[in-house]
Amino acid sequence: MKILRSWREQKIMLKQRFSVLMDMDFDYAEGQREKMMERLSKILKIDREELDLLFEELQTY
């Protein structure tokens, strides 16, 4: 996946799309990205593959 948007932009877009998400849901320490992705999957009630597709979709806007 080619990243076209900054992480900040992606967080804003996701928070606008999913009102249940808060800033703290995106927090992660270096090397802990997978834990954050798992947390987002649980909050949004989607599997990891769907979450990856969602992030890819954000790059097309």
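For reference, positions follow the sequence shown, starting with 1.
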Q: If we only count heavy atoms from C-beta on, is the L54 to L40 side-chain gap below 4.5 Å?
A: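 Result no, sub-4.5 Å side-chain heavy-atom pair not found.
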Q: Let me confirm one number: the CD1-CG distance from I43 to L14, rounded to the nearest 0.5 Å.
A: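 Taking CD1 in I43 and CG in L14, the distance rounds to 11.0 Å.
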Q: Could you go through residues 25-32 and list every donor-acceptor pair under 3.5 Å that involves a side-chain atom there, pairing it with any protein atom two or more places apart or in another chain?
A:
residue: D25; atom: OD2; partner: M22; partner atom: N; Å: 2.8
residue: Q32; atom: OE1; partner: K35; partner atom: NZ; Å: 3.3

Q: Is L21 close to L44 at the side-chain level, that is, under 4.5 Å between some pair of heavy atoms?
A: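 Side-chain contact under 4.5 Å: yes.
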Q: Applying side chain to side chain donor-acceptor pair (under 3.5 Å), can you list everything that pairs with D23, at least two apart in sequence or on another chain?
A: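 D23 satisfies side chain to side chain donor-acceptor pair (under 3.5 Å) with K15 only.
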Q: Which heavy atom in L51 sits nearest to a heavy atom in S41, and how many Å separate them?
A: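 In this case the closest contact between L51 and S41 is CD2-OG, 3.5 Å.
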Q: Could I get the full list of salt bridge (Lys or Arg N to Asp or Glu O under 4.0 Å) partners for E38, not counting sequence neighbours?
A: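 Applying salt bridge (Lys or Arg N to Asp or Glu O under 4.0 Å) to E38 gives none.
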Q: Has the side chain of E50 got a donor or acceptor atom that lies under 3.5 Å from a matching backbone atom of D47?
A: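 Confirmed, E50 side chain pairs with D47 backbone.
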Q: Taking a hydrophobic cluster as the set of Ile, Leu, Val, Met, Phe, Trp and Tyr residues connected by side-chain heavy atoms closer than 4.5 Å, whether directly or through intermediates, do I46 and V20 fall within one such cluster?
A: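 Same cluster.
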Q: Measuring from Q16:CD to K11:NZ, what's the distance to the nearest 0.5 Å?
A: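 Atom-to-atom, Q16:CD and K11:NZ are 13.5 Å apart.
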Q: Between E9 and S6, is there a donor-acceptor pair closer than 3.5 Å when you use the side chain of the first and the backbone of the second?
A: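 Yes, because the side chain of E9 sits within donor-acceptor range (under 3.5 Å) of the backbone of S6.
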Q: Is it the case that one hydrophobic cluster holds both M37 and W7, taking links as side-chain heavy atoms less than 4.5 Å apart, direct or via other members?
A: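 Shared cluster, yes.
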Q: Please tell me if the side chains of M36 and R39 come closer than 4.5 Å, counting only heavy atoms from C-beta onward.
A: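 In contact.
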Q: Can you list the residues that meet the side chain to side chain donor-acceptor pair (under 3.5 Å) rule with R48, with sequence neighbours excluded?
A: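 Listed in chain order: E34, D52.
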Q: Apply side chain to side chain contact (heavy atoms under 4.5 Å, CB included) to residues M13 and R8 and explain how you reach the verdict.
A: CA-CA 9 Å; M13 293 171 80; R8 182 180 165 277; over 6 Å; no
